[in-house]
Amino acid sequence: MEFLFDSRSKHFKIPFGCIKSGETLTITVYVKDAGETGVLFKLFEDGKEPICHEMKQQEQKNGYNVYTCSVVFEKTGLFFYYFTLSACEGFINIFRDEKNRPVLHHGSSWQITCYAPSYSLHKEWLGRVMYQIFPDRFNKQGDCDTSDKLTPFYLHESPDELPVYEPDETGIIQNNDFFGGNLQGIIEKLPYLKNLGVGTIYLNPVFKAFSNHRYDTADYLQVDPLLGTNDDFRRLCESAHNLNIKVILDGVFSHTGSDSLYFDIHNRFGMGAYHNPDSPYRSWYQFHDYPHHYATWWGISTLPCTDEMNPDFCNFIFGKVTPYWLSLGADGWRLDVADELPEAFLEKLYSTVKQKNPEAIVLGEVWEDASNKISYGVRRRYLQGKSLDSVMNYVWRDAIIRFARGEASAEDLQEAVMTLCEHYPPDSLHTAMNLLSTHDTPRILTTLGIDFVPESKKDRAIFRLTDAQRTLGKNRLFLAAFLAFCLPGSPCIYYGDEIGLEAFEDPFNRGYMGSITGDDEITACFRSLADMKNQSPALRFGDLIPLFAENGLFAFYRIEGTEKILCLVNNNDKPRHFHADGEILFGKNYTQKDNELILFQYGCAAIAVTRQ
């Protein structure tokens with residue numbers, strides 16, 4: 001028996017991928033030598049029983065019985081489907097295997113995300129090159145105003161010093177060492193970022209806080225004094241906008257700092273929830289045994305959890321915090337630990353942001369496939385057009401790294417790529433943050449260059465790649481960056497990656513950059529990729545059409561209108577030969593003779609192809 005179906009081919013499924021509510025889905029299957037008397041298309045909403053749709057038999061094609069049916073999707077939601085054949089020997093269920101191929105009896109259901117027809121983003125957001133800045137460690141300009149800084153804190157004397165990583169005399173890592181990076185320093189670097197091809201700056205938290213990472217918010221309405229003032233933030237946005245660069249803020253709403261205006265564990269502000277049961281902020285927190293036992297984020301006592309659905313907290317966040325920073329020039333929000341925020345909170349935040357600025361963007365920190373994420377036992381509705389525009393793309397980061405390191409095949413990479421292309425609405429896909437490293441991960445050059453991870457933190461602190469490891473890491477980085485830029489999405493550069501900074505995990509990946517000059521070849525690679533991305537509608541928001549994935553080779557087209565770009569990557573240790581009849585827009589680890597392109601290991605190339 002043969003059963004043919006490919007959810008990613010227009011011959012079997014129209015439209016490709018997601019569907020808008022109110023649209024019609026058409027499904028076609030081919031069956032041969034099954035002796036079937038009929039085929040059922042079984043569609044079910046997440047958590048509900050399947051609804052059977054009888055598929056109508058069409059004329060035979062090439063010896064196959066052809067069945068088709070059409071279904072109108074009337075509401076948003078997450079849907080799944082499979083097929084059932086009625087045969088003389090009984091019923092045969094057809095599912096999908098891990099490579100999206102039909103398989104008998106056992107497997108997974110296919111997925112369809114149905115999203116709101118009103119959902120869309122302004123085209124200028126699609127495929128925009130992003131740059132992530134950890135504010136204290138990017139660049140310092142002028143003197144720091146320490147008069148209102150939460151104490152105690154420590155300012156490093158030299159930018160060459162390591163971030164503090166060892167506990168103090170009390171056994172606690174305080175995260176209160178600073179290098180003095182500030183908003184004026186970012187303004188000073190804007191021409192550099194523009195020249196790099198950056199279109200969006202994503203800032204880790206800038207609000208007043210005790211720690212250097214500032215995920216322990218002390219005052220949602222004030223810039224941390226070491227960074228500058230609220231006026232400095234306004235000037236940063238104005239200066240960035242003059243260069244057509246957008247600014248996104250990090251919103252941390254699942255918890256605050258214990259040393260904050262709202263919780264105030266040290267009683268330095270007055271009226272905080274910890275010392276005053278009549279505090280206006282008392283209802284924001286979840287005390288188990290007032291005041292000493294309270295809900296904390298991941299057991300960290302300095303990060304008391306908020307009750308996100310508390311009306312007073314919601315009114316403050318939606319009525320004051322988010323609109324205030326948008327009014328100062330912010331172009332959107334990245335939401336920290338979005339999967340720990342209630343869906344109702346996300347939807348209200350999303351709607352209030354869009355009311356204030358319909359062109360603002362809301363991104364979420366989600367490490368898995370955001371279309372079907374289950375968090376705390378609840379299926380999330382992130383990408384159905386009501387709570388998030390898109391997410392951080394850790395799924396592709398992991399797939400790209402595994403491929404670049406030779407730990408996954410080209411087939412594995414293609415499957416990871418096509419799964420998200422199928423599961424994410426187009427605008428969500430084209431604005432997904434295609435990151436290679438962040439403040440929460442080791443730097444990409446280290447990740448790709450190492451063959452082992454030192455066991456002790458002290459050894460990881462001082463570790464540097466050998467010349468051979470760095471050469472290997474660079475070659476792998478060229479391939480990885482090529483994929484991050486050429487696949488759909490918004491490639492996101494973590495500050496310093498573009499000059500080849502090395503480091504393991506936090507806090508080593510949060511070193512000071514400033515005016516450090518790094519690896520010119522890596523910088524030129526990122527700049528060339530950004531220029532290519534910015535100038536190409538096909539790469540910014542075009543369709544992705546896979547060509548092949550085999551023996552370490554992954555090839556795909558990006559197509560938009562009359563523009564067609566062939567993208568090739570090779571992770572095979574044997575050179576691979578291709579006919580290259582077109583302009584090579586970008587290439588690494590390759591050579592060309594006449595119309596023959598030879599890709600060596602870690603080779604990559606983007607070729608402009610004349611579309612017929």
Side-chain angles (χ1 to χ4, degrees), residues 4-30 39-56 58 66-83 94 96 100 102 108-123 125-127 343 347 350-351 354 358 361-362 369-373 379-391 417-432 488-489 541-546 559-561:
L4 303 183
F5 177 71
D6 182 355
S7 65
R8 298 162 186 169
S9 168
K10 65 181 180 181
H11 298 294
F12 298 95
K13 177 177 174 288
I14 299 175
F16 169 79
C18 302
I19 194 168
K20 297 179 182 178
S21 60
E23 285 187 336
T24 299
L25 171 74
T26 299
I27 293 286
T28 302
V29 300
Y30 289 69
V39 180
L40 295 176
F41 172 63
K42 292 189 172 180
L43 177 69
F44 59 99
E45 190 174 359
D46 184 39
K48 298 184 178 180
E49 292 296 315
I51 297 175
C52 298
H53 300 270
E54 185 175 355
M55 304 189 75
K56 296 180 180 179
Q58 310 295 315
V66 182
Y67 297 85
T68 186
C69 73
S70 296
V71 179
V72 177
F73 281 68
E74 297 180 350
K75 63 178 182 178
T76 61
L78 188 66
F79 295 83
F80 300 92
Y81 64 92
Y82 63 97
F83 304 94
I94 310 294
R96 68 180 292 273
N100 201 50
S108 304
S109 299
W110 285 269
Q111 175 186 314
I112 296 178
T113 307
C114 183
Y115 63 101
S118 59
Y119 170 67
S120 66
L121 285 169
H122 196 285
K123 212 166 195 176
W125 279 111
L126 308 184
E343 198 78 43
E347 291 181 358
Y350 186 83
S351 65
K354 297 295 183 176
I361 196 168
V362 180
D369 182 336
S371 68
N372 54 32
K373 168 77 186 249
R379 184 82 75 177
R380 308 309 295 264
R381 304 189 300 269
Y382 297 133
L383 302 184
Q384 296 174 24
K386 298 178 181 179
S387 62
L388 293 176
D389 289 312
S390 195
V391 294
V417 167
M418 293 310 299
T419 296
L420 289 198
C421 287
E422 194 172 11
H423 288 181
Y424 285 18
D427 284 7
S428 297
L429 184 71
H430 294 306
T431 49
F541 46 78
D543 293 334
L544 183 147
I545 309 297
I559 300 174
E560 173 64 26

Which atoms form the tightest heavy-atom contact between F73 and C114, and what is the distance? CB-SG, 3.9 Å

SB check E45 K48 (cutoff 4.0 Å): yes

Identify which one of K386, R381, R380 satisfies the side chain to side chain donor-acceptor pair (under 3.5 Å) criterion when paired with E343. R380

Gap separating the OG1 atom of T76 from the CD atom of Q384, nearest 0.5 angstrom: 5.0 Å

Can you tell me how far the CG atom of D6 sits from the OG1 atom of T28, to the nearest 0.5 Å? 12.0 Å

Of the non-hydrogen atoms in S390 and L383, which two are nearest, and what is the gap between them? CA-CD2, 4.1 Å

Can you name the nearest heavy-atom pair linking S21 to K75, along with the distance? CB-C, 3.8 Å

To the nearest 0.5 Å, what is the distance between CG (D427) and NZ (K123)? 9.5 Å

Look up atom CG in L25 and atom CD1 in I14, then write down how far apart they are to the nearest 0.5 Å. 9.5 Å

Taking the six-membered ring for Trp, is the centroid-to-centroid distance between Y81 and F41 below 6.0 Å? yes

Over all heavy atoms of both residues, which pair between E54 and C69 is shortest? Give the atoms and the distance, please. O-CB, 4.1 Å

Please find the pair of heavy atoms, one from M55 and one from L40, that lie closest to each other, and give the distance. CG-C, 4.3 Å

Would the W110 and F83 ring centres measure less than 6.0 Å apart? yes

Taking the six-membered ring for Trp and the full ring for Phe, Tyr or His, determine whether the centres of F12 and Y30 are under 6.0 Å apart. yes

Only residue of N372, L388, D389 satisfying side-chain contact (heavy atoms from CB on, under 4.5 Å) with Y382 is L388

Does E23 reach the main-chain N or O of K20 with its side chain, forming a donor-acceptor pair under 3.5 Å? yes

Hey, would you say the F79 and F44 ring centroids sit under 6.0 Å apart? no

